[in-house]
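Have a look at the structure below before the remarks.
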Amino acid sequence: MTELLPLAPETARPERQRKPDWIRVKAPTGSAFAETKALMRRLNLATVCEEAACPNIGECWTKKHATVMILGDTCTRACAFCNVKTGMPRAVDALEPQHTADAAAELGLDHIVITSVDRDDLPDGGASQFVKVIQALRRTTPNTTIEILTPDFRNKAQAAVESIVEAGPDVYNHNLETVPRLYPTIRPGARYYASLRLLESVKRHNPSIFTKSGVMLGLGEERLEVHQVMDDMRSADIDFLTMGQYLQPTPRHAKVMDFVTPAAFDAFAAIARAKGFLLVASSPLTRSSYHAGDDFARLRAAREAQIARA
């Protein structure tokens, strides 16, 4: 078994640590990148790639893969890790579902990831817009598999989740983000066990939908706390775990407490696989939608293998 390396100690850290070589990425360039950006602007679509300052944007957009962020670009919450702006969102764009489907068609996507800002101002938290986007994609690009990454639909979760599950996404993702102890400072608007129950309810309503969740490392979590999160996820029957390095978007956001080594990510992945996840993606640059299409193919193959062994 891969040896689990300890996380770096929490003492004597500089105000803002220098990124190690393994976390550095090339600046985005090239005609394909520019074409992807132009398409998003023409269709008036926001992307989490831009709004959350994803380090993989250059690689993904060069391959014409983009994660559409529906319900606008303004969030009603202010999580300490997130670069998406906070404020009063604009009215929901009625053209957004079809524009999203048009983007998938023009990009030739076999697999698309749809996420959103938190919309606590809406009666259903924005669930109906997810449903409309899924329906538009099924009409326009019926062969494209659909992965959604939703907020927690605070105080609206049951009805919201049921409506989205009935629309039939292929993957339902909702990120736990960090360990429960850090929620008050890192994710103050959310509740850890409410997020777990949301994912558990997806499986209860439709066991054939793959469920997925992710955590960031480097926020000051302890190793055993990460193990417990894995156990909690498995108790909720979550299929796919993603783990990546937290990067501080701006000086006003939560500080990076540790740069976790690639070897430590590999060790966490080995433990997660032993706990029974169908698929694990764990590396410093892993993000929820990074290589999502390839991962979906692997996830489906893993389920088929599991069924064959049963």
Would you say [Y] and [X] are linked by a side-chain donor-acceptor pair, where the criterion is simply a distance under 3.5 Å?
{"X": "D120", "Y": "T76", "value": "yes"}
{"X": "D232", "Y": "Y192", "value": "yes"}
{"X": "S288", "Y": "N175", "value": "yes"}
{"X": "S289", "Y": "E147", "value": "no"}
{"X": "T150", "Y": "Y172", "value": "yes"}

Taking K212 first and then D295, would you say they form a salt bridge - that is, a charged N and a carboxylate O separated by under 4.0 Å? no
For D118, is there an ion pair with R77 - N to carboxylate O distance below 4.0 angstrom? yes
Please say whether the positively charged group of R234, taken as NZ for Lys or CZ for Arg, lies over the ring of F277, i.e. under 6.0 angstrom from the six-membered ring centre and within 45 degrees of the axis. yes
Looking at F210, is R303 sitting on its ring face, NZ or CZ under 6.0 Å from the six-membered ring centre and within 45 degrees of the normal? yes
Among E177, E200, R187, R154, side chain to side chain donor-acceptor pair (under 3.5 Å) partner for S195: R187
Mark yes or no for whether E304, through its side chain, and A302, through its backbone, hold a donor-acceptor pair below 3.5 Å. no
Close side-chain approach of V68 to S116, heavy-atom, < 4.5 Å: no
